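Below you'll find the structure, written out as structure tokens, and then a few comments.
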Number of protein chains: 2
Amino acid sequence: MDTAAPRRTRIQQEKRELILEAALEVFSTNGFRGSTIDQIAEAAGMSKPNLLYYFRRKEDIHETLMQRLMDTWLAPLRELDDIGDPLTELRSYIRRKLEMARDYPRESRLFANEILQGAPRIMPMLEGELKTLVDEKAAVIKGWMRAGKIAKTDPWHLIFSIWATTQHYADFDVQVRAVLGPNRGGDGRFEDAARFLEQLFIDGLKPKG
Amino acid sequence: MDTAAPRRTRIQQEKRELILEAALEVFSTNGFRGSTIDQIAEAAGMSKPNLLYYFRRKEDIHETLMQRLMDTWLAPLRELDDIGDPLTELRSYIRRKLEMARDYPRESRLFANEILQGAPRIMPMLEGELKTLVDEKAAVIKGWMRAGKIAKTDPWHLIFSIWATTQHYADFDVQVRAVLGPNRGGDGRFEDAARFLEQLFIDGLKPKG
DNA sequence: CAAATTTTTGACCGATTGGACAAACGTTAG
DNA sequence: CTAACGTTTGTCCAATCGGTCAAAAATTTG
């Protein structure tokens, strides 16, 4: 494992950040193969050879981006706490995930792009780090179910459905806005989504009577 | 509108189908820009110039594919019937959507790819045909809610969440299988998903007591 | 300051891309 | 059979791609 942190100058740190920010924008909207080094370089305000001075290959940029992504992306699930009240914990998790979809849509799309194409570059992370974390949290949820705190169901698919519904508002944002139209598709759509998801996951759809 | 159906020979019809089938495979796994005409030609078992004899531009193939996709893709929602029992209708809709994710994952990924990249080629369809259909069905669902047949909630976001959760099993299939592992990630995962989604949408997550 | 080092750039390269084209090859109708 | 038409292919092209390289410019170090 190459974990030896190379010492970098001030300029190197700044320029690398600039490039990563630009690459996030470009990769998340065009995918890896659909993006060109020239596009990223222009978005970062530098020439292509200059960019290649900081990242020697296009793949290196993408790899660095994906490594950082996974950490921040899984943070909400890591916070899911065994100790708190189950329904409150789940409600908080859903809210945090939806906030991430709202505040970091590019990260969500970058991730979605990678998975859609078969996750060629992050498969080990999915089978390792991600699976471990999900299994762990699924066990926590299972405990809640055994204790009668929440209805018995499949914890893994519960997590999948939370991922799917929240990330949908980032990945399919264009479609959401198109369907809701100019009135309801404005800034309020995330509040509406939050209300709906809370009801769906916490209260259910059964008639109240 | 160019709706004048060009008369085609038998060979033209067959070869065009062959190309579209091959293009579905290639586009859905590599995206539009990530796919090359050569790849599609090889997958279709013909030379590149020969392919270009049937479709003059790469975009023409993609466009034809997207037009066909939208029809079959929206069919389940079109079937959602005002007359039947609300919960039964919703259950059937969810089941049909999940079956499409299972049986037509390439179509789902092709669509997801297009939306992810901002839907540059199908935006008019989203704002027109799709929005009209969703609005219509949302009105049906709203009627059920007013009649007290199902809990009051936002019909549009309900439809979004059904799309998100079902298509997740096609678009994020790699991740689902990686997390479930070799045991639970096998062929049974769609039955498990079906059971879970039925409980989520129809019964809710509240404790039974 | 001046030397050493880091950063930036223009020019260039081979490979791949989408697509054009004319010639060769098949097929079909009279 | 043969002429007309439909199909297939090899060759070619300009544009774009990821990436190299040496030299110029800027910065840091002593």
Side-chain angles (χ1 to χ4, degrees), chain A residues 2 4-66 110 113-114 117 120-121, chain B residues 2 4-66 110 113-114 117 120-121:
Chain A
D2 190 316
R7 49 182 73 106
R8 299 207 170 95
T9 65
R10 174 186 53 87
I11 293 184
Q12 273 169 355
Q13 283 186 9
E14 289 173 4
K15 291 297 173 75
R16 282 175 64 95
E17 288 307 316
L18 219 112
I19 292 168
L20 288 172
E21 159 65 24
L24 173 61
E25 185 71 28
V26 175
F27 279 143
S28 67
T29 56
N30 300 106
F32 180 77
R33 285 209 54 187
S35 304
T36 70
I37 300 184
D38 287 284
Q39 283 178 317
I40 301 172
E42 195 196 328
M46 62 179 71
S47 65
K48 180 169 68 170
N50 196 8
L51 182 148
L52 286 167
Y53 169 72
Y54 294 103
F55 291 90
R56 295 172 65 188
R57 296 178 312 148
K58 181 184 171 186
E59 265 209 63
D60 292 348
I61 310 175
H62 191 265
E63 197 183 314
T64 306
L65 226 39
M66 291 304 297
L110 178 67
N113 255 309
E114 177 69 10
Q117 324 222 326
R121 281 168 271 269
Chain B
D2 190 315
R7 49 182 73 106
R8 301 207 168 96
T9 65
R10 174 185 52 87
I11 294 184
Q12 272 170 353
Q13 283 185 8
E14 289 172 3
K15 291 298 172 75
R16 283 175 64 96
E17 288 306 315
L18 218 107
I19 292 169
L20 289 172
E21 158 66 24
L24 174 60
E25 184 71 29
V26 175
F27 279 144
S28 67
T29 57
N30 300 106
F32 180 76
R33 286 209 53 186
S35 304
T36 70
I37 300 183
D38 287 285
Q39 283 177 317
I40 301 172
E42 195 196 329
M46 62 180 71
S47 64
K48 181 169 68 169
N50 196 10
L51 182 147
L52 285 167
Y53 170 71
Y54 292 103
F55 291 90
R56 294 172 65 186
R57 296 178 312 148
K58 180 183 172 187
E59 265 210 61
D60 291 347
I61 310 175
H62 191 265
E63 197 183 314
T64 306
L65 226 39
M66 292 303 297
L110 178 67
N113 255 308
E114 177 69 11
Q117 324 219 327
R121 282 168 269 269

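In what follows, chains carry the letters A, B, and so on, assigned in the order in which the sequence lines appear, proteins first and then strands, with residues in each chain numbered from 1. Quick caveat, the model's predicted, so the values are computed rather than measured.
A salt bridge (charged side-chain N to carboxylate O under 4.0 Å, His left out) check over residues 29-49 of chain A, counting only residues at least two apart or in different chains, returns the pairs A:Asp38-A:Lys48.
Here the range on DNA chain D touched by chain A, meaning any atom under 4.0 Å from one of its heavy atoms, is D:dC17 to D:dT28. Once you apply a 4.0 Å limit to the heavy atoms of chain B, the touched nucleotides of DNA chain C run 5' to 3' over C:dT17 to C:dT28.
Contact between A:Asn30 and A:Ser35 at its shortest, heavy atoms only, is CB-OG, 3.3 Å. Taking every heavy atom of both residues into account, A:Ser28 and A:Leu110 meet most closely at CB-N, 4.0 Å.
Proximity of residues 18-36 of chain A to DNA chain D (heavy atom under 4.0 angstrom from any strand atom) is restricted to A:Ser35, A:Thr36.
Proximity of a side-chain donor or acceptor of B:Gln39 to a complementary backbone N or O of B:Thr36 within less than 3.5 Å is detected. Looking only at distances, a side-chain donor or acceptor of A:Lys58 sits under 3.5 Å from a matching main-chain atom of A:Phe32.
Helical stems involving DNA chain D, defined as 3 or more consecutive Watson-Crick or G-U pairs under 3.5 Å, span C:1-30 with D:1-30.
Among residues two or more places apart in sequence or in another chain, the salt bridge (Lys or Arg N to Asp or Glu O under 4.0 Å) test is passed with B:Arg56 by none.
Counting non-hydrogen atoms under 4.0 angstrom, A:Lys15 reaches the backbone sugars and phosphates but no base. Heavy atoms of A:Leu52 sit under 4.0 angstrom from at least one base atom. Within the nucleic acid shown, A:Phe55 has no heavy atom closer than 4.0 Å to any nucleic acid atom.
Projected onto DNA chain C by closest heavy-atom contact, B:Gln39 and A:Pro49 fall at different nucleotides, the more 5' of which corresponds to A:Pro49. Each of A:Arg56 and A:Asp38 was assigned the nucleotide of DNA chain D with the nearest heavy atom; the assignment lying further toward the 5' end belongs to A:Asp38.
Proximity of B:Leu18 to B:Tyr54: side-chain heavy atoms (C-beta onward) are nowhere separated by under 4.5 Å. In this structure the side chain of B:Met66 reaches within 4.5 angstrom of the side chain of B:His62, judged on heavy atoms.
Comment: A:Arg121 does not engage A:Glu63 in a salt bridge, judged by the lack of any side-chain N to carboxylate O separation of less than 4.0 angstrom.
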Yes or no on side chain to side chain contact (heavy atoms under 4.5 Å, CB included) for A:Ile37 and A:Phe55, after CA distance, side-chain angles and deciding distance?
CA-CA 10 Å; A:Ile37 300 184; A:Phe55 291 90; over 6 Å; no

List the steps, then state whether side chain to side chain contact (heavy atoms under 4.5 Å, CB included) holds for A:Asn113 with A:Phe27.
CA-CA 9 Å; A:Asn113 255 309; A:Phe27 279 143; over 6 Å; no

Do B:Ile40 and B:Glu25 pass the side chain to side chain contact (heavy atoms under 4.5 Å, CB included) test, and can you show the C-alpha distance, the side-chain angles, and the key distance before you say yes or no?
CA-CA 8 Å; B:Ile40 301 172; B:Glu25 184 71 29; over 6 Å; no

As a quick check of understanding, evaluate side chain to side chain contact (heavy atoms under 4.5 Å, CB included) for A:Gln12 and A:Tyr53, giving each step before the final call.
CA-CA 10 Å; A:Gln12 273 169 355; A:Tyr53 169 72; 4.1 Å; yes

